Amino acid sequence: MLTTTPTLHERVLAWYDEHARDLPWRRPGTAAWGVVVSEFMLQQTRVDRVLPAYVLWLERWPTPAELAAAAPGDAVRQWGRLGYPRRALRLHAAAAVMVERHGGEVPSSYADLRALPGIGDYTAAAIASFAFGGRHVVLDTNVRRVLGRLVGGEALPPPAVTRAERERAEALAPPDPLGPRWAVATMELGALVCTSRAPRCERCPVLDACAWQRAGAPPYDGPARPRQRYPGTDREVRGRLLAVLRDAVGPVTPAALAAVWPIDDQRERAFASLVADGLVPALTSAQPDPAPSNQRMPDSSGETVRQQ
DNA sequence: AAACCGTGGAG
DNA sequence: TCTCCAAGGTT
């Protein structure tokens, strides 16, 4: 019988068929909205942390319309400690646009998706591909790393997406029959095998074709990657303020906020940025439950004030 | 276009 | 322990 050696594409897809994780947003029948929610949550957040949050979110808001009808503050609270809580506000805003301009449905085209708040190049391509079967170049950190090693022969991709990377990804897009699965498969390969720190090259289905491996797996030598500091920065202060505001059952006193960080001007600056982002307004707007009026609530100018 | 925006787990 | 960084987006 006639056998031909599998192509690189076929090998990656075969690997995916055997090793892909069973993630809820990949299950057949998942609504586009589920894909949207998963993609927002997965922005800079690992799968294992997203899983429980994803389930709870969809139980509470199974459709864009239901989220859009909720208060933004509820979205931020439901977001919990996933991180980057502006994503919760943007997801809420995106749901509102879906209701207002797309009949309550998730738009299927890349252009319409790209126009929604919180959706950039990657997320638009991902939703269009995964939820609607479109074929787009999906260039996330995993794909960038996989292609960078496999084709480019480099340990890690440069700090920002380059044109060369995009052209390389387009050149490698498989012919039609393999379709949009190429994107998920390469992402999964990057997540499980071709990892950033300690790649499991023994398990790689295309090890023999890897330019980086062939070159002896040289270390990264590109431009310095910006290191993200956290301790002592405004981000840490924001995080602490957020935790207080998010977890508060009733009104929040200025003293409770002050207790979070001892440096007054830094704390006030962080607070002001939370106001500007809409996070403080969302978290301190009148709740349906507790009685309003003379509650002491933070204000936009400083942290000392009361609710209207 | 460089810097900023949370949080937590892995190595 | 401490560093790195994780399905990015926005300004």
Side-chain angles (χ1 to χ4, degrees), chain A residues 20-21 23-26 34-54 76 79-91 93-94 113-131 136-146 155-163 169 180 183-192 194-200 219-220 223-247 260 269-279:
Chain A
R21 291 166 292 182
L23 302 173
W25 46 87
R26 282 182 186 161
V35 176
V36 170
V37 171
S38 76
E39 290 302 337
F40 268 81
M41 290 185 168
L42 287 164
Q43 290 169 1
Q44 298 287 284
T45 306
R46 294 179 189 277
V47 166
D48 50 7
R49 282 212 304 148
V50 165
L51 282 172
Y54 171 84
V76 175
W79 196 257
R81 301 187 63 83
L82 267 189
Y84 292 148
R86 293 186 295 188
R87 290 182 293 168
L89 288 179
R90 291 178 183 144
L91 178 53
L113 288 163
R114 183 65 181 78
L116 297 175
I119 296 188
D121 286 332
Y122 160 75
T123 304
I127 296 171
S129 299
F130 305 156
H136 301 268
V137 173
V138 180
L139 218 45
D140 80 321
T141 186
N142 289 304
V143 175
R144 294 181 62 211
R145 190 175 53 249
V146 168
L156 295 172
V161 178
T162 64
R163 192 154 113 199
V184 222
T186 46
M187 283 176 67
E188 191 76 341
L189 187 62
L192 298 182
C194 196
T195 57
S196 180
R197 288 266 208 139
R200 304 159 172 82
Y220 176 74
R225 311 168 71 74
R227 27 181 327 203
Q228 295 229 33
R229 292 195 173 282
Y230 183 72
T233 64
D234 286 5
R235 293 166 72 185
E236 179 177 17
V237 184
R238 281 171 55 108
R240 293 191 183 197
L241 292 171
L242 239 359
V244 171
L245 295 168
R246 193 171 48 220
D247 302 338
V260 146
R269 181 174 68 238
F271 186 86
S273 74
L274 289 172
V275 173
D277 286 346
L279 286 163

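All figures in this text were calculated on a predicted structure; none of them were measured in a lab. Below, read A as the first sequence line, B as the second, and so on, with proteins coming before strands; counting in each chain starts at 1.
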Nucleotide range of DNA chain B lying under 4.0 Å from chain A heavy atoms: B/dC5 to B/dG11
Which residues share a salt bridge (charged side-chain N to carboxylate O under 4.0 Å, His left out) with [X], sequence neighbours left out:
| X | result |
| --- | --- |
| A/R246 | none |
| A/R144 | A/E165 |
| A/D247 | none |
| A/R114 | A/D121 |

Along DNA chain B (nearest heavy atom to each residue), the more 5'-positioned of A/R200 and A/Y230: A/Y230
Can you sort out the partners of [X] under side-chain contact (heavy atoms from CB on, under 4.5 Å), two or more places apart, ordered by chain and number?
| X | answer |
| --- | --- |
| A/A94 | A/F40, A/M98, A/L116, A/P117 |
| A/T141 | A/R145 |
| A/L23 | A/R21, A/W25, A/R26, A/V47, A/L51 |
| A/P219 | none |

Pairs involving residues 34-44 of chain A, ordered by first then second residue, that meet salt bridge (charged side-chain N to carboxylate O under 4.0 Å, His left out) (sequence neighbours left out): none
Euclidean distance for P, C/dA7 against B/dG11 (whole angstrom): 13 Å
Gap in Å between the two P atoms, one belonging to B/dG8 and one to C/dT10, rounded: 24 Å
Side-chain heavy atoms of A/V138 within contact of A/V184, under 4.5 Å: no
Euclidean distance, A/D140 CG relative to A/T186 OG1, rounded to 0.5 Å: 7.5 Å
Sugar-phosphate only, base, or nothing, as touched by A/R81 at under 4.0 Å among non-hydrogen atoms: sugar-phosphate
Touch class at under 4.0 angstrom, heavy-atom based, for A/P159 against every strand present: nothing
What are the atom names and distances for every N/O pair under 3.5 Å that joins the protein to nucleotides 7-11 of chain C?
{"from": "C/dA7", "atom 1": "OP1", "to": "A/N142", "atom 2": "ND2", "distance (Å)": "3.2"}
{"from": "C/dA7", "atom 1": "OP2", "to": "A/N142", "atom 2": "OD1", "distance (Å)": "3.2"}
{"from": "C/dA7", "atom 1": "O5'", "to": "A/N142", "atom 2": "ND2", "distance (Å)": "3.0"}
{"from": "C/dA7", "atom 1": "O4'", "to": "A/D140", "atom 2": "OD2", "distance (Å)": "2.9"}
{"from": "C/dA7", "atom 1": "N9", "to": "A/Y122", "atom 2": "OH", "distance (Å)": "3.4"}
{"from": "C/dA7", "atom 1": "N7", "to": "A/E39", "atom 2": "OE2", "distance (Å)": "3.4"}
{"from": "C/dA7", "atom 1": "N6", "to": "A/W25", "atom 2": "NE1", "distance (Å)": "2.9"}
{"from": "C/dG8", "atom 1": "OP1", "to": "A/T141", "atom 2": "N", "distance (Å)": "3.4"}
{"from": "C/dG8", "atom 1": "OP2", "to": "A/Q44", "atom 2": "N", "distance (Å)": "3.3"}
{"from": "C/dG8", "atom 1": "OP2", "to": "A/Q44", "atom 2": "NE2", "distance (Å)": "3.1"}
{"from": "C/dG8", "atom 1": "O3'", "to": "A/T123", "atom 2": "OG1", "distance (Å)": "3.3"}
{"from": "C/dG9", "atom 1": "OP1", "to": "A/G120", "atom 2": "N", "distance (Å)": "2.8"}
{"from": "C/dG9", "atom 1": "OP1", "to": "A/T123", "atom 2": "N", "distance (Å)": "3.0"}
{"from": "C/dG9", "atom 1": "OP1", "to": "A/T123", "atom 2": "OG1", "distance (Å)": "2.4"}
{"from": "C/dG9", "atom 1": "OP2", "to": "A/Y122", "atom 2": "N", "distance (Å)": "3.4"}
{"from": "C/dT10", "atom 1": "OP1", "to": "A/G118", "atom 2": "N", "distance (Å)": "2.8"}

At a cut-off of 3.5 Å, list every protein nitrogen or oxygen paired with a nitrogen or oxygen from nucleotides 1-3 of chain C, distance to 0.1 Å.
{"from": "C/dT3", "atom 1": "O2", "to": "A/R197", "atom 2": "NH2", "distance (Å)": "2.9"}

